[in-house]
Amino acid sequence: MSEFEDFPDRIPLSQQALAARPSPYLDGLNAPQREAVETLDGPVLMLAGAGTGKTKALTTRIAHLLSTGTARPNEVLAVTFTNKAAREMKKRVAGLLGQAVEGMPWLGTFHSIGAKLLRLHAELIGLKSNFTILDTDDQLRLLKQLIVAAEIDPKRWPERHLSNVIDDWKNRALTPDKIPVADHGAFNHRGVELYAAYQARLKTLNACDFGDLLLHVVTIFQTHDDVLAQYQRWFRYILVDEYQDTNVAQYLWLRLLAQQHKNICCVGDDDQSIYGWRGAEVGNILRFEKDFPGARVIRLEQNYRSTPHILAAASSVIAANKGRLGKTLFTEAADGEKVRLIGHWDGEEEARWIGEEIEAMQGGTRGMRPFSLDEMAILVRASHQMRAFEDRFLTIGLPYRVIGGPRFYERMEIRDAMAYFRLAISHDDDLAFERVVNTPKRGLGDKAQQKIQMSARSNGVSLVEGARLLLAAKGLTGKGALELQKLLDGLDQWHRLVRDQVDHIDIAEQVLDGSGYTEHWQNTKTPEAAGRLENLKELVKALDNFENLQGFLEHVSLVMDNETEDADEKVSIMTLHAAKGLEFPTVFLPGWEDGLFPSQRAMDEQGVKGLEEERRLAYVGLTRAEEYAVVSFAGNRLVYGSWQSQMPSRFIDELDQDAVEVLTAPGLYGGGAAAEPQVTSDLYEKAARADGYNSPGWKRLQSRNQQRGLSQPREARNMLIDASAISAFSTGERVFHDKFGYGTITAIEGDKLDISFEKAGFKKVVAKFVKLAEAADDVPF
DNA sequence: TGCACTCATATTTTT
DNA sequence: TATGAGTGCA
C-alpha cells in the first residue's frame, strides 16, 4: 500500500514515554477532554453531552495518535455516520497536524468504509468488485417487480413496506436464513421468501443496497477468519462517532474488528439518540461497559454552547427519561436570556409571530444584540410544519432556506443521467436500462418493454442484449423499433468512448445530448424544467472532480450531498432530526403540542420508548440554541384539512420554570380579556412591529398578567393558564370557539375543557381558547 | 401518450 | 387539504 508514503514513519512510543512528552495539542482542552485524548489503550466510552466539544476531543485524539507515532494513519479506523462529519473530521485533524490527511484511508462513513472493504472481498459473497450500489429508488422498483412476480397485490402490500421490513432485518444483521421465527409473519408471511429472492436478484445484478454494504462485510468477517484477522491486526485504533446511533449490524462490524487490539473509542450521547425508528440501538451505548470489559467511561459535561437557562430547560426535559447513562451539563457562561414560551391561536399566527420576531431580532429591537438571519433557525418536528413558515416568509419577503429535503442525487434528472452513465459503462445494468429505455419518451411503452424483458429472459441475457436480439428477430416494428435501434447504437457508441478512455466530461455531454435527454428538458415547458437543466449542468461540473465516470458513480451513490452554498443571509428551516450536530444563536421551536410533538404515532407505535425518543428530540432541539430559544405552540392546527384543537406538549410541563419566561401572544384572550374587542391583538401587532416589547400593547398584557399574580406559578405551563378563565367556566355552560363554533362544556379538568360542539362534535380544548357564548356574540365571525 | 378523474394517504430519513 | 398513484378515455 503506497498511499501512506508521505507520512513519516515514527517509532511508537510507550505510554510512559508519552506521559513524559505531552502532545502540543492538549492545550485548551479541559480535564475530561484531555483524558479522552490521552487514554489511548483499551476501550473508551466518551459520553459527550450536547455542545461539550466532542469533535474537538475526537479529532485531537486522532492527531495525538498520529503525531506521537503511536499509530500510523492506515492503522486508524475512524467512522462517522455522515459525510459531513467525516469531512469535518478530516479537516480538523489536518488542521491540528498542519498537513493533509491523505494517508488516512479508513476515515469515513460506515457505508463508504463498508463499500471499500466489500470491493476488496466481493467475491467472497458472490459479487464482483465493481458492483453497483442501488439507491432507494432502484431498490423499490426491484421490490415491486418481485412482489408482482410473487403474485401479491402491490396495493395491499406496497413495496415501501417490504423495503422497511428488509431494511430492518439488514439493520439487525439478519440474512434471509437467519430471520427469527417471530418475524416469519412479516409481509403477509411472504417477507422472508421475498427477502431471499431480493438478495438473489441483487447478486445476479451484481448490485447491493446500502444495508448490504455493512451486512455483507459482517457476513464475510463471520465466515472468513483469515480476512477478519487481517483487519483486526490492521486496525489498531478504532474511533466511532455518534455511537448511540449505531444499529446491530454496525455494532457487530465494530465489535468484530475491535477484538484483537480492543482499542476502541466510542463517542456518543444516549440523550441524543433519535434514530431508533431507523434501527439505531441505544442499547449499544448503554451496554458498552459490558461489551468491552474494563472500559474507561469519560464524561464530557462542560457545555461551551448554550447559556445556563437554555441548558437548564433542556436538562429538565431530558431528566424525565429513564434508563439514561446520566450526565449533568454545566456551563461557565453568563445567564443570558430565559427560554421563552408562547402560545398562539393557530399555526398561521405562530408563523406570523415568528416571522415578526425574526425581523425584530435582525434589528436588535428585542433588547438583545442584532442577529443575522444566518444565526436563526426554526426547528420543526415534521416537515409538513415547514409550509406555514414558507408561506408566511414568502409573503413578507423574508429569505429562508430549507435544510434537508430531497438530496441532489435523488432528483429525477440526476438519476436519469446517472442511469445513462451506468449504461455507458456497462450494458449489463438492467436497472439502469429500465429506467431510461423510455426516458425521454421513445414510443417504447409497456408492451415494447415487456417484449424486451421476454427476449432477455428467454435468451438468458441482459436487457440490452435482449433488445438487440428482439430487433434482429423483427419482434418489434415501426417507430419503436427505429427508436430502440437508435438507443442501442448510442449505447454502443458511448461504451466505446468509455473504453477508449475519452475524457469523461466529454462522454457525459455526448451521452446527455445524444440520448435526447437534454433536449427533452429543453422542450419541457413546466416551471421546474429550467432548474432541472441547471442541475444537469451542475452534475457535469461535478464530474470535474473525478478521474472517470466509474469513480464518479461510486462517489455519487455514497457521498454526494446537497450542500448548496449560498452566501446570502437566510433563516434556516429544518426538522429536528436534520438539526442534530448543528447550532444557532437563536432557535425557534414551534409546534410543541401533544400529538404533534411528541408525535402521536411515535407514542402509539412505540409506547414509552417512543415518547422517550421524542423527548430526546426535544432535548436535541433546545440544545441547538446558543443564546436564545423560543418554544411555541398553537391552540388550533389544520391537520389534513380539518381543524384540530391542540393541547400544549407535555414537554412544556417538564421545562424548568425558572429557566422560562412566558410571553403572551397577540390574539390570545381568556376570561376578562375575552370581553375585549378583537382590536386588542391588532393594536399589539402594530405596536410590536414598531417598538417590540416596549410597545404599549405588550406592556399592558404584561401588567395584566402580573396583576393576576401569574408571574410565579409552579409549572411553566400553568403560567399560561388564565386563572380567571378557569373560574369563568362551569359544566353545562354554553361556549363559543372561533373554529368549532358553539358548544356545551361537559367536563372541566384543570385548564382543559371537554366540550360537545354543536357542529364539530366532541373536543378537548384549552380554556383560554373558548369564550362564554354570550361574550362571543359581539365578535364578528 | 396525455389528460382528467378517483382514491387512499398522510413522521422523522445520516447512507 | 394536497399529493401521488392508478385508471379510463380520446
Side-chain angles (χ1 to χ4, degrees), chain A residues 79-88 108-115 133-136 139-140 144 153-156 158-161 163-164 167 170-171 208-215 241-242 244-247 249-250 272-280 347 379-388 403-407 409-410 438 440-448 479-480 554-562 574-582 591 595-606 610 613-614 616-618 620-621 637-644:
Chain A
V79 273
T80 64
F81 276 85
T82 65
N83 295 303
K84 200 170 147 196
R87 270 200 306 273
E88 172 78 9
T109 63
F110 274 102
H111 289 86
S112 67
I113 290 173
I133 301 166
L134 298 195
D135 55 37
T136 327
Q139 190 187 4
L140 289 174
K144 173 94 180 263
D153 179 10
K155 261 185 175 162
R156 265 179 67 85
E159 63 270 27
R160 180 81 248 164
H161 178 196
S163 124
N164 286 336
D167 281 349
K170 289 191 175 178
N171 286 337
C208 63
D209 62 22
F210 284 128
D212 286 337
L213 295 176
L214 295 160
L215 181 54
D241 194 16
E242 307 278 18
Q244 77 282 354
D245 289 340
T246 51
N247 60 34
Q250 288 156 342
Q272 290 186 70
S273 165
I274 55 175
Y275 284 104
W277 51 276
R278 254 181 134 235
L379 312 184
V380 297
R381 172 66 247 264
S383 46
H384 63 77
Q385 289 172 262
M386 293 180 182
R387 231 196 101 162
I403 311 260
R407 273 147 231 297
Y409 64 83
E410 278 172 1
N438 203 28
K441 300 271 183 277
R442 295 191 172 87
L444 296 166
D446 278 356
K447 260 192 252 144
K479 182 172 172 269
E554 163 82 22
H555 184 81
V556 102
S557 52
L558 282 177
V559 190
M560 200 151 149
D561 44 27
N562 203 13
M574 68 190 94
T575 63
L576 287 160
H577 285 90
K580 195 172 82 161
L582 304 179
L596 180 60
F597 188 45
S599 126
Q600 192 58 50
R601 194 149 153 187
M603 293 187 291
D604 288 349
E605 287 173 10
Q606 298 284 327
E613 183 152 315
E614 295 289 301
R616 292 193 288 268
L617 216 37
V620 167
R637 206 169 277 278
L638 203 49
V639 180
Y640 304 141
S642 61
W643 284 100
Q644 296 247 262

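Convention: sequence-line order gives letters A, B, ...; per-chain numbering from 1.
Phosphate proximity of B/dT14 to A/Asn83: absent, as no side-chain N or O sits under 4.0 Å from OP1 or OP2. The shortest distance between the side-chain N/O atoms of A/Lys447 and the OP1/OP2 oxygens of B/dT1 is not below 4.0 Å.
Nucleic acid contact for A/Gly114: none, since no nucleic acid atom lies under 4.0 Å from a heavy atom of the residue. Nucleic acid contact for A/Arg160: none, since no nucleic acid atom lies under 4.0 Å from a heavy atom of the residue. Using a 4.0 Å heavy-atom distance criterion, A/Lys170 is classed as making no nucleic acid contact. At a threshold of 4.0 angstrom between heavy atoms, the contacts of A/Ala85 with the nucleic acid are absent. No engagement by A/Lys580 is indicated, since no non-hydrogen atom pair under 4.0 Å with the nucleic acid exists. Using a 4.0 Å heavy-atom distance criterion, A/Gln606 is classed as making no nucleic acid contact.
Regarding A/Glu159, its CD atom lies at a distance of 12 Å from the C1' atom of C/dG4, rounded to whole Å. Atom NE2 of A/His161 is separated from atom C1' of B/dA10 by 17 Å (rounded to the nearest Å). Summarising the geometry, the separation between CG on A/Leu576 and P on B/dT14 is reported as 14 Å, rounded to the nearest angstrom. Following rounding to the nearest Å, A/Arg616 (CZ) and B/dT12 (C1') show an atom-to-atom distance of 13 Å. Nucleotide B/dT15 holds its P atom 15 Å from the CG atom of A/Asn171, rounded to whole Å. A straight line from CD of A/Gln644 to P of C/dT1 spans 14 Å, rounded to a whole angstrom.
Closest to the side chain of A/Thr575, from the set B/dT13, C/dA2, B/dT15, is B/dT13. When distances are taken from the side chain of A/Lys441 to each of B/dT1, B/dT11, B/dT15, the shortest belongs to B/dT1. Proximity note for A/His384 (side chain, C-beta onward) versus B/dT14, B/dT15, B/dT11: the nearest is B/dT11. Set against B/dT12, B/dT14, C/dG6, the side chain of A/Arg278 has B/dT14 as its closest nucleotide. Taking only side-chain atoms of A/Thr82, from C-beta outward, the nucleotide of B/dT12, C/dG6, B/dT14 with the closest atom is B/dT14. Here B/dT14 is the nucleotide among B/dT14, B/dT15, B/dA10 with the atom lying nearest to any side-chain atom of A/Asp245. Side-chain atoms of A/Ser383 lie closest to B/dT12 of the nucleotides B/dT15, B/dT14, B/dT12. In the set C/dA2, B/dT12, B/dT14, the nucleotide with an atom closest to the side chain of A/Arg387 is C/dA2.
Ranked by how close their nearest DNA chain B nucleotide is to the 5' end, A/Asn438 and A/Tyr275 are led by A/Asn438. Summary of the strand contacts: A/Leu444 and A/Ala382 both lie near DNA chain B, and taking for each the nucleotide with the nearest heavy atom, the more 5' one is attributed to A/Leu444.
Looking at A/Gln250, its side chain does come within 3.5 Å of a backbone N or O of A/Asn247 through a donor-acceptor pair.
Both stacking criteria are satisfied for A/Trp277 over the base of B/dT12: a centre-to-centre distance under 5.5 angstrom and an angle between ring planes under 30 degrees.
Between A/Lys170 and A/Asp209, at least one side-chain nitrogen of the basic residue sits less than 4.0 Å from a carboxylate oxygen of the acidic one, meeting the salt-bridge criterion.
Contact annotation: side chain of A/Arg381 to base of B/dT12, donor-acceptor pair present below 3.5 Å.
The shortest distance between side-chain heavy atoms of A/Thr109 and A/Thr82 does not fall below 4.5 Å.
The line from CD of A/Gln272 to CD of A/Glu242 is 7.0 Å long, rounded to the nearest 0.5 Å. Taking CG from A/Leu214 and CZ from A/Phe110, the interatomic distance works out to 7.5 Å, rounded to the nearest 0.5 Å.
Checked against the 6.0 Å centroid criterion, the rings of A/His111 and A/Phe81 do not qualify as a close aromatic pair.
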